[in-house]
Q: 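The structure follows.
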Amino acid sequence: MSTSERYNAPTIEAKWRAAWDEADLFRTHNDDPRPKYYVLEMFPYPSGRIHMGHVRNYTMGDVVARYRRAKGYNVLHPMGWDAFGMPAENAAMQNNIHPREWTYANIASMKKQLKSMGLSLDWSREFATCDVDYYHQQQRLFLAFLKEGLVARKTSKVNWDPVDQTVLANEQVIDGRGWRSGAQVEQRELSQWFFKITDYADDLLDAIDGLDRWPDKVRLMQRNWIGRSEGLRMRFEMKSTGPDGSNEIEVFTTRPDTIFGASFVAVAAGHPLAQAVAAARPDVAAFIEETQRMGTSAVAIESAEKKGIDTGLRVAHPFLEGEVMPVYVANFILMEYGTGAIFGCPAHDQRDLDFALKYDLPVITVVRPNDADDTFDVGVEAYTGDGVLINSHFLNGMTIPDAKDAIASRLEARMLGNQPQGERKVNYRLRDWGISRQRYWGCPIPVIHCEACGIVPVPEDQLPVTLPDDVTFDVPGNPLDRHPTFTKVTCPTCDGPARRETDTMDTFVDSSWYFARFTAPDATDMPIVPDVMESWLPVDQYIGGVEHAILHLLYSRFFMRAVAKAGYGDRPEPFAGLFTQGMVTHETYKDAAGNWVFPEEVVLDNGAAVHAKTGEPITVGAVESMSKSKKNVVDPDEIISSYGADTARWFMLSDTPPERDIEWTDGGVDSAHRFVQRVWRLIGDAIGRMEDPGTGDGLALRKATHASIRAIESDIEGLGFNRAVARLYEWANVLQKALADPATPGAAIRESVDAMIRCFAPMMPHLAEECWTAIGNEGFAAAASWPKVDESLLVEDAVTLPVQVNGKKRAEITVPKDAAKEDIERAVLALEDVQRFLDGPPRRIIVVPHRIVNVVA
RNA sequence: GCGGGCGUGAUGGAAUGGUAGACAUACCGGACUUAAAAUCCGGAGGCGCAAGCCGUGCGGGUUCGAGUCCCGCCGCCCGUACCA
């Protein structure tokens, strides 16, 4: 093909994708002896269409995969589908289509779209989590975990829709009401299955230190989520026996030092004492009911106005004879954390202070800042900083740690009932992982409930427990529950009639081991082949959205520990390198009636946005994350079919740092597309010059070539794709100028062009192939090695240093690379641009070699 | 509510504590064209004739030197355990 023609991306790209397929270029072999590199992007939920977020995510991963391949690694870069979950059931209800049919149709269309991006994926390893083969193996893992004691059965609360008679997800509860029925949501206690992630709380916490290729922010978020805190469990003696027969209330506190500032005790609405009081107190019962109508989400509970109700019960202050404190039921106490009860010290906890001010409870300041005196008083803002104890009897003058220790020691030594009144305790915010879902479209939990034998695991030879196809979604609730035959089984132990478990697993379970399954996706006799898994894991580079920073990543870390315990290979940390990319955003548009309008329906008329069809004015709103509900989406298909995949990929890598949100703009797409065309022209022009002997040495171009290679490889390794893009622009500018200079020798041009193609091949792989062939190279650019840097061309023998006077740049000076400090100082002082800012000798001269000189006047 | 992050020209952004604004977009000027698009060449943070002064959300601090580190605010975003 002639390079003088405009580059017809859609046609040429299709040609190269077919050629890659034909050559089976991206199939990975487990027995390849080269060093391994596992690059993985978080697999998509098959919603039906890929969105720009996918394009961004998979482009980044593909750049890494192609770069590592060029660097000589045996690269594993697989793709699959996170295919269970609620949307398929919603589609079933709305459109009367079976979840399986809907899901697999979506997978087919999304796969086609992903293929059009030119991703270097090993599609032979593809699977969906809803494949029977996959969830069969997941059931094996569940049973292995059960055997290892990593599974527990406990009760926990769910959002219950009393009208639809169904469990609601948190996102289905809107302002305390069911999204469909509009009914007030209730809380219900259900017996559910849990994975005992808390067994590994300390290990998961400690091992974060070793995750040195994870973003600090994610490591910090995980630490805080696990929330290890050292504190005290202590019991308050009740002045009268509670309605549940109790004589004491046990609380957990991390601030026992503030005990002399305590002015109330509060228990959660779900606390047994609260429940018992409610039986005789309609007002308390009403308060508890109101609290529970908020649903189960922490956001709803903790951001609600702090309220409580006095139970009438009183407890004794442990150190102040005769002092009693009221016991409240409060809406901001979580039953799941600690003991579900606290003592409130308003002066040193903002929630407690808000509560105390509302109910007119005493506020006693017991810690003062180190630089305040003993008259310090907190006012309306709780003081939570470091300090010294005041108003606290035997604690006065102590530091907070000493006071904590003093209280703990005293309460440990004192008996209440037959036990020490206090006990030092490490508490975690992390709770066990509830995996039960009362839904159809998920992996069935392989157990059987037998009245005689209790809970019986489904025997291995009866696996998989498959989802029945004959289900309907015309009524709410879990179709498995009402299925005529699914639930009816014979007990494997006693042969008596039994009931099959109808809960399915949380979809986070599916995504907690898919990366391990990719290493041996066809193994039928076991979920994970230990030695194969160990040869590939950890994933060298994992890329996905920051929204998964906690749950998915923490569950996966736990899962691999459980997998190891179950004997399926020892790789406790699944992801050695993690990168969290930002979202794709776009302007939002509304018509006069206030309806959202798609970007493609908006045109500019003399700078004013109007509707393309009706011509009515459009209001341009904020730039927001692309979402179907706001219609501010751009279809990747449209972009790829009109501009080509390379343009879309290049756009996604350009300008914006990958961890930040990127704004999709028409201007940006045009710019990316212009560069694709420009590179094609540039290389066409270069081909005509590659045989020229030239009259110069081409050293400037050669230096730029090698400096560019070095910069781009370090940018890609650091995932600074936007920087790599800028380097390529600079390189193209240099090459273009070199071509305009007849002195530039053809050899330097050929070297530069050849290297440039190899360097942009990971980002614009189709264009790279076309250019590769055009300059007469053999084989595929996708199979070519990364260019080698000639280090001798990177060495400069002189450096230009900025010269500052009092921190302001006043001059520049060029000195030999290894000039002595004294020589630099002398030369700098001789500069007229320095002298005129000095009157008299300088006080100091700071010379930072190869960096800067600062003269302090 | 709590935890985490981000904020730099008109715009996206660059900058191991060391020349703020690389590179790109939009814009302005020029070349080519009957004209336009495309392409090529050049300009450009603000104020100022200039010397220079000001400038990285706001207010303080550390430092010879702060976009970068520390403290306090403001705004936006993510997570908050049954969305994936």
Side-chain angles (χ1 to χ4, degrees), chain A residues 6 42 44-45 47 82 84-87 156 158-159 167-173 192 215-218 220-225 227 296-306 332 336 350-351 354 429-439 506-508 511 545-552 554-555 580 582-583 585 622 624-625 654-657 659-663 665 667-668 670-672 674-675 677-678 681 720 722-723 725-730 733 736 740 800-812 836 842-846 848 850-857:
Chain A
R6 206 172 142 77
M42 292 178 184
Y45 179 79
S47 56
D82 187 14
F84 274 136
M86 284 202 311
S156 73
V158 294
N159 302 306
V167 176
L168 299 176
N170 282 336
E171 72 159 13
Q172 296 174 320
V173 179
Q192 312 217 58
D216 286 341
K217 62 174 175 185
V218 176
L220 191 53
M221 281 189 266
Q222 292 218 346
R223 281 194 192 99
N224 290 338
W225 185 261
T296 59
S297 86
V299 187
I301 294 167
E302 292 179 49
S303 53
E305 189 196 350
K306 314 233 166 332
F332 60 98
E336 292 78 22
Q350 193 61 47
R351 286 172 303 181
D354 294 345
R429 216 185 69 94
L430 181 69
R431 307 199 298 260
D432 277 335
W433 174 12
I435 62 155
S436 280
R437 297 293 180 270
Q438 293 71 42
R439 293 187 218 296
D506 179 9
T507 56
F508 274 123
S511 57
V546 70
E547 65 273 20
H548 293 295
I550 297 173
L551 293 180
H552 162 58
L554 194 63
Y555 289 152
T580 56
M583 295 178 305
T585 64
E624 295 188 58
S625 172
S654 302
D655 293 343
T656 305
E659 69 276 12
R660 239 187 259 183
D661 290 354
I662 190 171
E663 185 188 350
T665 60
D670 288 340
S671 157
R674 273 205 299 278
F675 188 67
Q677 295 292 345
R678 183 179 165 207
R681 266 195 323 274
N722 59 318
R723 294 197 302 272
V725 164
R727 307 280 190 194
L728 272 156
Y729 275 114
E730 281 176 327
N733 292 343
Q736 193 155 328
T800 299
L801 300 177
V803 178
Q804 296 181 330
V805 178
N806 290 333
K808 282 189 183 173
K809 191 200 166 192
R810 299 298 184 183
E812 278 185 354
R836 65 199 182 90
R843 288 200 296 151
R844 216 176 137 186
I845 303 180
I846 290 133
V848 184
H850 301 123
R851 276 280 167 207
I852 203 168
V853 180
N854 190 12
V855 180
V856 186

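The sequence lines fix the lettering, A, B, ..., with proteins before strands; numbering per chain opens at 1.
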Q: Could you state the atom-to-atom distance from NE2 of A/H548 to P of B/G5 in whole Å?
A: 20 Å
Q: If you measure from the P atom in B/C54 to the same atom in B/G59, how many Å do you get, rounded?
A: 15 Å
Q: Write down the partner of B/C32 under the Watson-Crick or G-U wobble criteria, each distance required to be under 3.5 Å.
A: none
Q: Tell me if a side-chain donor or acceptor on A/S654 pairs with a main-chain N or O of A/N722 at a distance below 3.5 Å.
A: no
Q: Counting only distance, no hydrogens or angles, is the base of B/U19 paired donor-acceptor with the side chain of A/R810 under 3.5 Å?
A: no
Q: If I pick the P atom on B/G57 and the same atom on B/G13, what distance separates them, to the nearest angstrom?
A: 13 Å
Q: If you pin A/Q350 and A/Q438 to their nearest nucleotides in RNA chain B, which one's is more 5'?
A: A/Q350
Q: Under 4.0 Å between any heavy atoms, over every strand shown, what does A/F675 touch: base, sugar-phosphate, or nothing? Just pick one.
A: nothing
Q: With sugar-phosphate meaning primed atoms plus P, OP1 and OP2, does A/H552 contact a base, only sugar-phosphate, or nothing at under 4.0 Å between heavy atoms?
A: nothing
Q: Could you state the CD-C1' distance from A/Q804 to B/G65, rounded to the nearest angstrom?
A: 6 Å
Q: Can you tell me how far C1' in B/C58 sits from the matching atom in B/U63, rounded to whole Å?
A: 22 Å
Q: Checking only heavy atoms, does the side chain of A/E171 share a donor-acceptor pair with the base of B/C82 at less than 3.5 Å?
A: no
Q: Just call it for A/R429: base, sugar-phosphate, or nothing, with non-hydrogen atoms closer than 4.0 Å on any strand.
A: base
Q: Confirm from the modelled atom types if A/N224 and B/G3 form a donor-acceptor pair under 3.5 Å, side chain to base only.
A: no
Q: Taking CZ in A/R843 as the centre, count heavy atoms belonging to other residues, nucleotides or ligands within less than 6.0 Å. Is the count above 12?
A: no
Q: Can you tell me, in whole Å, how much space there is between the C1' of B/U62 and that of B/G72?
A: 15 Å
Q: With nearest nucleotides of RNA chain B determined for A/A169 and A/P657 from heavy-atom distances, which residue corresponds to the more 5′ nucleotide?
A: A/P657
Q: Strictly by Watson-Crick or wobble contacts shorter than 3.5 Å, is anything paired with B/G72, and which nucleotide is it?
A: B/C58
Q: Should A/N170 be listed as having a side-chain N or O under 4.0 Å from OP1 or OP2 of B/U80?
A: no
Q: So what does A/N806 hit on the nucleic acid, given a heavy-atom distance under 4.0 Å: a base, only sugar-phosphate, or nothing?
A: nothing
Q: Please give the nucleotide sitting opposite B/C2 as a Watson-Crick or G-U wobble pair, both distances under 3.5 Å, or none.
A: B/G79
Q: According to the Watson-Crick and G-U wobble definitions, with both distances under 3.5 Å, which nucleotide is paired to B/C23?
A: B/G12
Q: Using a heavy-atom cut-off of 4.0 Å across all strands, would you classify A/V725 as base, sugar-phosphate, or nothing?
A: nothing
Q: With sugar-phosphate meaning primed atoms plus P, OP1 and OP2, does A/E663 contact a base, only sugar-phosphate, or nothing at under 4.0 Å between heavy atoms?
A: nothing
Q: Using a cut-off of 4.0 Å on non-hydrogen atoms, how would the nucleic acid contact of A/G545 be classed: base, sugar-phosphate, or nothing?
A: nothing
Q: Is the distance from OP1 or OP2 of B/G55 to the nearest side-chain N or O of A/K808 less than 4.0 Å?
A: no
Q: Is a side-chain N or O of A/D661 found less than 3.5 angstrom from the main chain of A/G582, in a donor-acceptor match?
A: no
Q: B/A24, OP1 or OP2 - any side-chain N/O from A/N733 closer than 4.0 Å?
A: yes
Q: In whole angstrom, give the distance that lies between atom CG of A/D82 and atom P of B/C83.
A: 13 Å
Q: When rounded to the nearest Å, what value does the distance between C1' atoms of B/C6 and B/U56 take?
A: 14 Å
Q: When all nucleic acid strands are considered with a 4.0 Å heavy-atom cut-off, which category describes A/I846: base, sugar-phosphate, or nothing?
A: base
Q: Can you identify which nucleotide, out of B/G1, B/G13, B/A84, has its nearest atom closest to the A/N722 side chain?
A: B/G13
Q: State whether A/R723 places a side-chain N or O below 4.0 Å from either non-bridging phosphate oxygen (OP1 or OP2) of B/G13.
A: no
Q: Determine the contact category for A/E624: base if any of its heavy atoms lies under 4.0 Å from a base atom, sugar-phosphate if only primed atoms, P, OP1 or OP2 are that close, otherwise nothing.
A: nothing
Q: When all nucleic acid strands are considered with a 4.0 Å heavy-atom cut-off, which category describes A/V546: base, sugar-phosphate, or nothing?
A: sugar-phosphate
Q: Could you please name the option among B/U25, B/G3, B/G1 that lies closest to any side-chain atom of A/M221?
A: B/G3
Q: What's the closest nucleotide to the A/R681 side chain, out of B/G52, B/U39, B/G4?
A: B/U39
Q: Might you point out which heavy atoms bring A/A549 and A/V218 nearest each other, and give the distance in Å?
A: O-CG1, 3.5 Å
Q: Over how many whole Å does the gap from A/R437 atom CZ to B/C82 atom C1' extend?
A: 4 Å
Q: Quick one: A/F508 CZ to B/A81 C1', roughly how many Å, whole number?
A: 8 Å
Q: Please work out whether the ring planes of A/H552 and A/F508 are parallel, tilted or perpendicular, with thresholds of 30° and 60°.
A: parallel
Q: Which pair of non-hydrogen atoms, one from A/Y729 and one from A/S671, has the smallest distance, and what is that distance?
A: OH-OG, 4.0 Å
Q: For B/C6, does either OP1 or OP2 sit under 4.0 Å from a side-chain N or O belonging to A/R660?
A: no
Q: Is B/G9 syn or anti, taking syn as a glycosidic angle within 90° of 0?
A: syn
Q: Check whether the side chains of A/E812 and A/T800 place a donor and an acceptor atom closer than 3.5 Å, and report yes or no.
A: no
Q: Is A/R851 near enough to B/U19 that one of its side-chain N or O atoms lies under 4.0 angstrom from OP1 or OP2?
A: no
Q: Does B/A24 have OP1 or OP2 sitting under 4.0 Å from an N or O in the side chain of A/R727?
A: no
Q: How is A/V167 classified with respect to the nucleic acid when contacts are heavy atoms under 4.0 Å: base, sugar-phosphate, or nothing?
A: base
Q: Any chance CZ of A/R810 has more than 12 other-residue heavy atoms, nucleotides or ligands included, within less than 6.0 Å?
A: yes
Q: From the set B/A81, B/U19, B/G7, return the single nucleotide nearest to any side-chain atom of A/L430.
A: B/A81
Q: What interatomic distance, in whole Å, is found between P of B/A22 and the corresponding atom of B/U8?
A: 16 Å
Q: For B/C41 and B/C47, measure between their P atoms and round to the nearest Å.
A: 28 Å
Q: Using atom CZ of A/R674 as one end and atom C1' of B/C40 as the other, report the distance to the nearest whole Å.
A: 13 Å
Q: Could you check whether A/Q172 gets within reach of a base, just the sugar-phosphate, or nothing at all, counting any heavy atom under 4.0 Å?
A: nothing
Q: Please work out if A/W225 contacts a base, only the sugar-phosphate, or nothing of the nucleic acid, heavy-atom cut-off 4.0 Å.
A: base
Q: If only side-chain N and O atoms of A/R431 are considered, is one of them under 4.0 Å from the OP1 or OP2 phosphate oxygen of B/C82?
A: no
Q: Would you check if the side chain of A/N854 reaches a backbone N or O of A/I846 as a donor-acceptor pair within less than 3.5 Å?
A: no
Q: Distance check, P atoms only: B/U80 and B/U68, in whole angstrom units.
A: 32 Å
Q: Can you identify which nucleotide, out of B/A51, B/A22, B/G1, has its nearest atom closest to the A/E730 side chain?
A: B/A22
Q: Compare all side-chain heavy atoms of A/R727 with those of A/E730 and state whether any distance is below 4.5 angstrom.
A: yes
Q: Does B/A84 have its OP1 or OP2 closer than 4.0 Å to a side-chain nitrogen or oxygen of A/T507?
A: yes
Q: Indicate, with a heavy-atom threshold strictly under 4.0 Å, whether A/G667 touches base, sugar-phosphate, or nothing.
A: nothing
